[in-house]
Structures are given as structure tokens and as C-alpha cells.
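Position 1 is the first residue of the sequence; numbering continues from there. We use all heavy atoms of the structure for the numbers below, so side chains are in, but hydrogens, waters and symmetry mates are not. Worth saying up front: this structure is predicted, and the values here are computed from it rather than measured.
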Amino acid sequence: EKMRVLYAHKRDIVVAALEEHCTPWVTFNVPRGGFFIWAQLSDDVDLEQVAEKTRIEGVAVRPGERFFDEAAKGKSFFRIAFPPVATDELDAGIAALGKAIRASLR
């Protein structure tokens with residue numbers, strides 16, 4: 001029960017940070033449980049550039065296409081794993097993601 005409460009809190013931090021730092025370029029559904037938030041970048045953003053720019057900031061972003069079927073080809077999905085990240089680092093990580101997204105607009 002303690003872990004469920006902690007993960008829900010972390011999820012809520014990530015959701016708020018995505019809305020603050022990554023709108024309008026990222027869409028996602030808020031999960032009711034689990035360890036990940038799946039996000040999709042708009043076609044206006046180069047995911048490879050985002051991955052490189054966030055890596056420099058110490059944030060790992062890996063394309064998620066290997067998790068999807070053929071219908072998702074050409075889409076820019078990525079997975080945000082929030083459980084292993086310290087609560088006080090979540091907003092900063094998503095802010096770095098937002099900064100990389102803005103710098104990677106096509």
C-alpha cells in the first residue's frame with residue numbers, strides 16, 4: 001500500500017511536469033497504475049535530437065517503437081519510467097525533456 005501511494009504521487013508529479021514543460025508537443029494518457037507513462041511526440045519534433053539533448057542533461061530517452069506493432073511505425077513514442085527516480089528529481093528531469101523538445105522542433 002505504501003508503494004502504491006508513492007508511485008501514484010510520483011506519477012502525479014510527472015503528469016503535472018509534462019503538462020507544464022512539454023505541452024503541446026507531447027500527448028499521453030494518465031495511467032491508473034503501473035510504472036510507466038507512455039508518451040507520443042508530435043510530428044513537429046525530432047525524437048533522435050531529443051534523445052541526444054536529454055542525454056547531455058543526464059536524462060535518458062529511448063524511442064519506444066520496438067514495443068509497438070506495424071501500425072505505430074513512423075510515430076515517436078517513448079516511455080517514462082518514474083519509480084526509480086527520486087521524487088525531488090522528477091520535475092527537473094521533465095523540464096530537461098521539455099527544453100530538449102523545444103530545441104528539437106523541425
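Residues satisfying the side chain to side chain contact (heavy atoms under 4.5 Å, CB included) test with Val5, not counting sequence neighbours, are Glu1. Residues satisfying the side chain to side chain contact (heavy atoms under 4.5 Å, CB included) test with Lys99, not counting sequence neighbours, are Glu57, Arg102. With sequence neighbours excluded, no residue satisfies ring-ring contact (aromatic ring centres under 6.0 Å, His included) with Phe36. In terms of the side chain to side chain contact (heavy atoms under 4.5 Å, CB included) criterion, residue partners of Ile13 (sequence neighbours excluded) are, by chain and number, His9, Thr87, Leu90.
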(message) Let's go through Phe82 and Phe35 carefully: what are the C-alpha distance in whole Å and the side-chain angles of both, what is the deciding distance for ring-ring contact (aromatic ring centres under 6.0 Å, His included) to 0.1 Å, and is it a yes or a no?
(response) CA-CA 6 Å; Phe82 51 85; Phe35 303 116; 7.7 Å; no

(message) Between Ile80 and Leu18, does the side chain to side chain contact (heavy atoms under 4.5 Å, CB included) criterion hold? Intermediate values first, please.
(response) CA-CA 10 Å; Ile80 300 170; Leu18 283 167; 3.8 Å; yes

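Atom CG of Leu97 is separated from atom SG of Cys22 by 4.0 Å, given to the nearest 0.5 angstrom. If you take CZ on Phe28 and CZ on Phe77, they are separated by 14.0 Å, rounding to the nearest 0.5 Å.
A donor-acceptor pair under 3.5 Å links the side-chain atoms of Arg106 to the main chain of Val45, judged by distance alone. A distance-only check finds a donor-acceptor pair linking the side chain of Thr54 to the backbone of Val59 [under 3.5 Å].
When the options Ile37, Val50, Leu41 are evaluated for a side chain to side chain contact (heavy atoms under 4.5 Å, CB included) with Val26, the one that passes is Leu41.
Side-chain contact between Met3 and Tyr7 is present, with at least one heavy-atom pair separated by less than 4.5 Å.
Among pairs with a residue in residues 12-34, those fulfilling side-chain hydrogen bond (donor to acceptor under 3.5 Å, both in side chains) read His21-Asp91, at least two apart in sequence or across chains.
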